Amino acid sequence: MFTGIVTDIGHVLELEQRGDLRARIGTGYDVGGIDIGASIACDGVCLTVVALGRDPQNWFDVEISAETVGATNVGGWAVGKRLNLERALKVGDELGGHIVSGHVDGVARVIAVTDQGDSTRVTFRAPPELAKFIAPKGSVALNGTSLTVNEVDGRDFGINFIPHTKTATTWGDVAVGDLINLEIDTMARYVARLRDYG
């Protein structure tokens, strides 16, 4: 489990297609404190650490199945791509965002980016099957970042990014056309299930 509070911006150092896709991710984390088998959310995708190293910088390797590549924006990763990183939640950690599983539900597309003062308003288009789970003032995780929805219009929804979020995450790089990993709020999923079968 995660909180959607990004704690490092990593970047892709290497990509290798074996049976699965293997990615080496450079990080600011102390790899001495990461265990093999640990979960790290990489742009919101919960991935398992399979190797660690310190040369030429701290890095960890993950293996990514074809299913995960097909269900997320991982297929568009390239060497140098910056990634929002978050280590798994530990008992006693502050829950500053919302409960995030790291299981991406689908991919949204950025359809508009507008500066508003020092903040940036970004409009996303959700896949049709996920739009019903997104509500004004509700939570979503986008590329692993816990965010509050401002408004919803059909499949489109808007998020306001304050300057801190733009510098502490990769959201300062956002552009129209970007494909974004979307995880809906678990509570919204259960409310919909109760409505349908209650």
Side-chain angles (χ1 to χ4, degrees), residues 1-13 23-34 38-47 49 52 54 57-60 62 72-74 76-90 92-105 107-124 126 134 137-151 157-186:
M1 301 299 284
F2 304 92
T3 66
I5 303 299
V6 172
T7 54
D8 186 29
I9 299 176
H11 61 282
V12 177
L13 295 171
R24 177 161 294 176
I25 299 169
T27 182
Y29 293 145
D30 174 10
V31 295
I34 299 174
S39 295
I40 298 179
C42 304
D43 259 7
V45 183
C46 178
L47 298 171
V49 174
L52 297 158
R54 299 181 189 274
Q57 66 174 102
N58 288 350
W59 56 265
F60 61 92
V62 293
T72 67
N73 69 8
V74 170
W77 287 8
V79 171
K81 177 172 175 53
R82 295 179 352 125
L83 303 171
N84 292 322
L85 301 180
E86 181 186 358
R87 295 194 57 193
L89 185 63
K90 295 183 188 123
D93 284 351
E94 178 180 340
L95 181 59
H98 71 282
I99 296 294
V100 175
S101 69
H103 302 154
V104 172
D105 293 297
V107 177
R109 181 179 297 275
V110 175
I111 61 170
V113 177
T114 308
D115 288 330
Q116 295 181 338
D118 292 330
S119 296
T120 300
R121 176 64 59 96
V122 180
T123 304
F124 302 87
I134 301 171
K137 306 309 173 195
S139 296
V140 292
L142 297 172
N143 280 356
T145 312
S146 174
L147 297 162
T148 301
V149 176
N150 285 328
E151 74 281 330
F157 63 99
I159 304 281
N160 191 58
F161 292 91
I162 62 173
H164 171 77
T165 303
K166 291 190 292 183
T167 58
T169 69
T170 62
W171 286 106
D173 304 335
V174 68
V176 170
D178 285 352
L179 297 178
I180 305 298
N181 291 323
L182 166 63
E183 181 183 329
I184 58 172
D185 185 18
T186 300

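Just so it is clear, the model here is predicted, and its values are computed rather than measured. Each residue takes its place number in the sequence, starting with 1.
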K.L.:
Partners of Q57 by side chain to side chain contact (heavy atoms under 4.5 Å, CB included), sequence neighbours excluded?
P.N.:
H11, L13
K.L.:
Over all heavy atoms of both residues, which pair between D8 and G28 is shortest? Give the atoms and the distance, please.
P.N.:
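Shortest heavy-atom contact: OD2-N, 2.7 Å.
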K.L.:
Decide yes or no on side chain to side chain contact (heavy atoms under 4.5 Å, CB included) for I25 and I40, but give the supporting numbers first.
P.N.:
CA-CA 11 Å; I25 299 169; I40 298 179; over 6 Å; no
K.L.:
Hey, could you give me the CD/OG1 distance between E86 and T3, rounded to the nearest 0.5 Å?
P.N.:
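Spacing of CD (E86) from OG1 (T3) equals 3.5 Å.
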K.L.:
For D185 and S139, work out which heavy atoms get closest and say how close.
P.N.:
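Nearest pair, atom of D185 first, then S139: CB-O, 3.3 Å.
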K.L.:
With sequence neighbours left out, write down each residue that passes salt bridge (Lys or Arg N to Asp or Glu O under 4.0 Å) with R24, or none if nothing qualifies.
P.N.:
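R24 satisfies salt bridge (Lys or Arg N to Asp or Glu O under 4.0 Å) with E14, D61 once adjacent residues are dropped.
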K.L.:
What residue pairs, at least two apart or across chains, pass salt bridge (charged side-chain N to carboxylate O under 4.0 Å, His left out) with a residue in residues 158-174?
P.N.:
R82-D173
K.L.:
List for me each residue that meets side chain to side chain contact (heavy atoms under 4.5 Å, CB included) alongside D178, sequence neighbours excluded, and say none if there are none.
P.N.:
V110, V174, A175, I180
K.L.:
Only one of N84, L83, L85, V6 passes side-chain contact (heavy atoms from CB on, under 4.5 Å) with T170; say which it is.
P.N.:
N84
K.L.:
With N181, which residues qualify under side chain to side chain donor-acceptor pair (under 3.5 Å), at least two apart?
P.N.:
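Partners of N181 by the side chain to side chain donor-acceptor pair (under 3.5 Å) criterion, ordered by chain and then number, come out as N73.
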K.L.:
Write down the atom of A41, the atom of F2, and the distance for their closest heavy-atom approach.
P.N.:
N-CE2, 3.5 Å
K.L.:
Apply side chain to side chain donor-acceptor pair (under 3.5 Å) to T165 and list each qualifying residue two or more places apart in sequence or on a separate chain.
P.N.:
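Side chain to side chain donor-acceptor pair (under 3.5 Å) check on T165 returns nothing, list empty.
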K.L.:
Would you please name every residue forming a side chain to side chain contact (heavy atoms under 4.5 Å, CB included) with V74, sequence neighbours left out?
P.N.:
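By the side chain to side chain contact (heavy atoms under 4.5 Å, CB included) rule, V74 matches L21, V45, I64, V69, T72, W77.
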K.L.:
To the closest 0.5 Å, what do you measure between CD1 (I34) and OH (Y29)?
P.N.:
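Nearest 0.5 Å value for the CD1-OH distance: 7.5 Å.
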K.L.:
Applying side chain to side chain contact (heavy atoms under 4.5 Å, CB included), name anything that partners N58, two or more places apart in sequence or on another chain.
P.N.:
T27, V31, R54
K.L.:
When you look at CG of D30, are more than 12 heavy atoms from neighbouring residues, nucleotides or ligands closer to it than 6.0 Å?
P.N.:
yes
K.L.:
Who passes side chain to side chain donor-acceptor pair (under 3.5 Å) against S101, sequence neighbours left out?
P.N.:
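S101: side chain to side chain donor-acceptor pair (under 3.5 Å) contacts with E183.
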K.L.:
Run the numbers on V176 and I111 for side chain to side chain contact (heavy atoms under 4.5 Å, CB included), then give the verdict.
P.N.:
CA-CA 5 Å; V176 170; I111 61 170; 5.7 Å; no
K.L.:
Identify the residue among D105, V100, L182 that makes a side-chain contact (heavy atoms from CB on, under 4.5 Å) with V140.
P.N.:
L182
K.L.:
So for atom CZ, which belongs to R121, do other residues, nucleotides or ligands contribute more than 12 heavy atoms lying within a distance under 6.0 Å?
P.N.:
yes
K.L.:
Looking at residues at least two apart in the chain, or sitting in another chain, which of them share a side chain to side chain donor-acceptor pair (under 3.5 Å) with W171?
P.N.:
T145
